[in-house]
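Quick caveat, the model's predicted, so the values are computed rather than measured. Each chain gets a letter, A, B and so on, in the order the sequences are listed, and its residues count up from 1.
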Protein chains: 2
Amino acid sequence: MSLEHAILGFLNYEPMSGYDIKKIVDISVSHFWPAVQSQIYKTLARMEKEDWLTVETISQDPRPPRKVYHLTNSGRQELFRWLNEPQSASEVRLAWLIQIFFGGRMEDAQVIALLEHQLNLQRKKLIGFTSIPDETKQDMQDDDPRDKFFWMLTIDYGVSQAIAQVKWLETAINTIKQGEYHLPTIQA
Amino acid sequence: MSLEHAILGFLNYEPMSGYDIKKIVDISVSHFWPAVQSQIYKTLARMEKEDWLTVETISQDPRPPRKVYHLTNSGRQELFRWLNEPQSASEVRLAWLIQIFFGGRMEDAQVIALLEHQLNLQRKKLIGFTSIPDETKQDMQDDDPRDKFFWMLTIDYGVSQAIAQVKWLETAINTIKQGEYHLPTIQA
DNA sequence: TAGTAATATATCACTGATGATATATACAAA
DNA sequence: TTTGTATATATCATCAGTGATATATTACTA
């Protein structure tokens, strides 16, 4: 239910339409909290019922009217209540790792192919991350430098996790290629 | 929909009841694909309808009968079809990172508290990971060494991701404490 | 002796998220 | 000229997953 709170956070910057929110979600938080359009619209409707938002309908005939959402005091309160609430463990679902888990029943070559596929995906992700700042430099010109700092911090998180994953994938591939079925050394 | 395929994988080891599957999921794949009991039972029922499984009902009156599920040829085919299918990007949803994203609208102390909370969670996770092999050593005695190798590989993945996260959290906390709002250096 | 953990399954309301479809206009590029 | 993209919203079937509740016995333990 954190999409609600992400939306509260964005509307705390400035009033926006569902369309605006979809765009900003895509370029900012989507790498750790994706949201499709239908989910955003449904959530906005629910939030309005909860009196966290008010709608300002700006008709622009004959185009569909812009429904610009504004944060209410109640909504702002809910945002800051939630920002103080420690969140429990992060949710992760890795279908590809289920495949690796059952790698014992596959040929080496097949497992390696799956790992190399993930390696490609992670490398592409890394390229995507490093290109985000350039793409959005224009939009971020007038942003608060403190807001910008935390934005960049979340990108840095994605980068560091992707790098760790690339390294793990490379090691795993090499271990299998060398035919060394020693248990990987676990050290914290 | 990968719970289905995880179940196919486990039943490929040997026939099991829903109860057995719940137990083995908890100690093996739950750190990257958690499943509650109701979800497992619902999925088993669906899989039986799809003819991927057959049920052998072993009555043990007056206790509820054990419904032992067996993989069919069709189910085994589906398992190996899926094991060959490259999976797309991994799903991640990190509510706490949404909070950090909006850290610009919080006091430093508050953001640091949130980061330290995550640091604790990750450190506990690491301790949990390193203790898994001891806990399950008995159960794994008679396991295939190749199966065991890939099991340990997935644990190693969790460990490496957790270590990377701990390092990132420590760095982020220090950066904020030093009041240095320089953008973190992104380097791939 | 009372409590609780383990064994084993069944079912249901709910919700977050997905994916598809629909409508309608303006404008730029091929 | 047609195709695609951007603007902007609406709705719906479907599903995976959660959480709660229910039943019923055995066996251990405080």
- Mind checking salt bridge (Lys or Arg N to Asp or Glu O under 4.0 Å) for A:Arg93 and listing every partner two or more places apart, or none if nothing turns up? none

- Rounded to the nearest angstrom, tell me the gap between atom CG in B:Leu44 and atom C1' in C:dA8. 13 Å

- Task: Measure the distance from CE on A:Met1 to C1' on C:dA17 and round it to the nearest whole Å.
- Result: 13 Å

- Query: Is B:Arg66 salt-bridged to B:Asp20, cutoff N-O under 4.0 Å?
  - Reply: yes

- Message: What I want to find out is whether A:Lys177 reaches A:Glu116 closely enough, with some N-O distance under 4.0 Å, to be called a salt bridge.
- Response: yes

Distances for protein N or O near nucleotides 19-23 of chain C N or O, under 3.5 Å:
residue, atom, partner, partner atom, Å
C:dG19, O6, A:Ser38, OG, 2.8

Could you tell me whether the phosphate oxygens of [N], OP1 or OP2, come under 4.0 Å of any side-chain nitrogen or oxygen in [X]?
{"X": "B:Arg46", "N": "D:dC15", "result": "no"}
{"X": "B:Lys67", "N": "C:dA10", "result": "yes"}
{"X": "B:Tyr41", "N": "C:dT9", "result": "yes"}
{"X": "A:Lys22", "N": "D:dT7", "result": "no"}
{"X": "A:Tyr19", "N": "D:dT7", "result": "yes"}

- Message: Heavy atoms from C-beta onward define the side chain here; which of D:dT7, C:dA13, C:dT9 lies closest to that of B:Lys42?
- Response: C:dA13

- Message: Measuring from the side chain of A:Ser17 (C-beta onward, heavy atoms only), which nucleotide among D:dA8, C:dG16, C:dA6 has the closest atom?
- Response: D:dA8

- Task: Could you tell me the separation between the CZ atom of A:Phe129 and the CD1 atom of A:Ile155, rounded to the nearest 0.5 Å?
- Result: 7.5 Å

- Message: If you count heavy atoms of other groups shown closer than 6.0 angstrom to CD of A:Glu91, is the number above 12?
- Response: no

- Message: Please evaluate residues B:Asp144 and B:Lys148 with respect to the criterion salt bridge (Lys or Arg N to Asp or Glu O under 4.0 Å), reporting the C-alpha separation (whole Å), side-chain torsions for both, the decisive distance (0.1 Å), and the verdict.
- Response: CA-CA 6 Å; B:Asp144 184 296; B:Lys148 231 188 285 190; over 6 Å; no

